[in-house]
Amino acid sequence: MKRSNLGWAGTLLLFIGVFMPIVSVPVMGNVNYFRNGEGDGVFVLILAGISAFLLLKEKYRGLYVTGGLSLLVMLFSFFHFQSVMSDAKAEMERDLAGNPFRGLADMAMESVQQQWGWAVLLVGVGLQIASARSKG
């Protein structure tokens, strides 16, 4: 696959991936990375825009920077989410000790799940970095 095609595919996946579901929450439904302009996905969108500019100028090595920064933002978001969930579970355990409805709260917490949008974003970063590494 051509170097530019890899870069464009990765950039497109990053742009689209920001609007794909990354977390499923009971009652709220699916949450995307953009979150109406309030999420970290805004940074990834900006980086995708910079990547598109770099691709137009055929500055493929710059995709190392934009792809790497996108990956760092995603890793920060992922681990921050894991930390928040862990804290929420600990707080729930403390606050609901002995409560007969604790089982319902446990079920609700267990039903919060990561979604497939993360995979789209990671493939996008991988394609951008592959484009930067490619020789032709």
Side-chain angles (χ1 to χ4, degrees):
M1 184 176 242
K2 282 181 56 179
R3 186 178 203 180
S4 63
N5 290 347
L6 285 173
W8 282 112
T11 299
L12 182 63
L13 284 176
L14 278 179
F15 183 79
I16 292 171
V18 167
F19 301 102
M20 299 296 118
I22 59 167
V23 176
S24 175
V25 181
V27 180
M28 282 180 56
N30 290 327
V31 177
N32 66 31
Y33 204 28
F34 187 67
R35 288 190 359 226
N36 295 327
E38 297 177 6
D40 292 337
V42 172
F43 297 116
V44 175
L45 273 180
I46 291 167
L47 289 166
I50 294 169
S51 296
F53 177 78
L54 291 170
L55 286 163
L56 287 172
K57 296 292 183 180
E58 296 183 6
K59 304 287 184 189
Y60 300 105
R61 301 197 41 82
L63 295 178
Y64 278 125
V65 175
T66 56
L69 288 173
S70 294
L71 181 60
L72 286 175
V73 169
M74 287 186 278
L75 288 172
F76 170 79
S77 299
F78 181 80
F79 287 114
H80 178 71
F81 174 78
Q82 295 299 329
S83 174
V84 167
M85 287 302 296
S86 177
D87 291 347
K89 286 180 184 179
E91 184 177 336
M92 184 186 71
E93 297 236 355
R94 185 182 68 244
D95 292 346
L96 295 180
N99 189 316
F101 297 106
R102 179 176 174 197
L104 291 173
D106 286 339
M107 282 189 342
M109 288 298 287
E110 293 301 320
S111 62
V112 174
Q113 298 178 350
Q114 303 286 341
Q115 290 294 320
W116 55 274
W118 288 112
V120 173
L121 291 165
L122 289 173
V123 170
V125 166
L127 289 173
Q128 281 192 332
I129 292 173
S131 175
R133 289 183 53 92
S134 178
K135 300 292 183 210

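Remark: Asn32 pairs with no residue by the side chain to side chain donor-acceptor pair (under 3.5 Å) rule, at least two apart or across chains. Remark: Phe43 engages no residue in a ring-ring contact (aromatic ring centres under 6.0 Å, His included) (not counting sequence neighbours). In this structure, Tyr60 has no ring-ring contact (aromatic ring centres under 6.0 Å, His included) partners at least two apart in sequence or on a different chain. Ala52 pairs by the side chain to side chain contact (heavy atoms under 4.5 Å, CB included) definition with Trp8, Thr11, not counting sequence neighbours. Residues forming a side chain to side chain contact (heavy atoms under 4.5 Å, CB included) with Ile16 (at least two apart in sequence, or on another chain): Leu12, Met20. Not counting sequence neighbours, the partners of Thr66 by the side chain to side chain donor-acceptor pair (under 3.5 Å) test are Ser51. Ser70 is linked by a side chain to side chain donor-acceptor pair (under 3.5 Å) to nothing, counting only residues two or more places apart in sequence or in another chain. Partners of Leu72 by side chain to side chain contact (heavy atoms under 4.5 Å, CB included), not counting sequence neighbours, listed by chain and number: Leu69. Here Arg94 pairs with Glu91 under the side chain to side chain contact (heavy atoms under 4.5 Å, CB included) rule; sequence neighbours left out.
Under the 4.5 Å side-chain heavy-atom criterion for Ile, Leu, Val, Met, Phe, Trp and Tyr, Leu47 and Phe76 are members of distinct hydrophobic clusters. If you chain together hydrophobic residues whose side chains sit under 4.5 Å apart, Ile46 and Val44 fall into the same group. With hydrophobic clusters built from ILVMFWY side chains whose heavy atoms lie under 4.5 angstrom apart, Phe53 does not share a cluster with Ile129.
At least one donor-acceptor pair under 3.5 Å links the side chain of Ser131 to the backbone N or O of Arg3.
The side-chain heavy atoms of Leu127 and Leu14, taken from C-beta on, include no pair separated by under 4.5 Å.
For Pro26 against Val112, the heavy-atom pair with the smallest separation is CD-CG2, 3.6 Å. Contact detail for Ser4 and Leu55: the closest heavy-atom pair is O-CD2, 4.3 Å.
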Report, one line per pair, each donor and acceptor closer than 3.5 Å where one atom sits in a side chain of residues 116-126; sequence neighbours left out.
unit_1: Trp118; atom_1: NE1; unit_2: Ile22; atom_2: O; d: 3.1
unit_1: Trp118; atom_1: NE1; unit_2: Gln114; atom_2: OE1; d: 2.5

Side chains of residues 77-86: which donor-acceptor pairs under 3.5 Å do they make with residues two or more places apart or in other chains?
unit_1: Ser77; atom_1: OG; unit_2: Tyr33; atom_2: OH; d: 2.7
unit_1: Ser77; atom_1: OG; unit_2: Asp40; atom_2: OD2; d: 2.6
unit_1: Ser77; atom_1: OG; unit_2: Val73; atom_2: O; d: 3.0

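Applying the 6.0 Å contact sphere to CZ of Phe34 captures more than 12 heavy atoms from other residues, nucleotides or ligands.
Pairs passing the salt bridge (charged side-chain N to carboxylate O under 4.0 Å, His left out) check and including a residue from residues 110-132, sequence neighbours excluded, read Lys89-Glu110.
Put simply, CZ on Arg61 and CG on Leu54 are 12.5 Å apart, with the number rounded to the nearest 0.5 Å.
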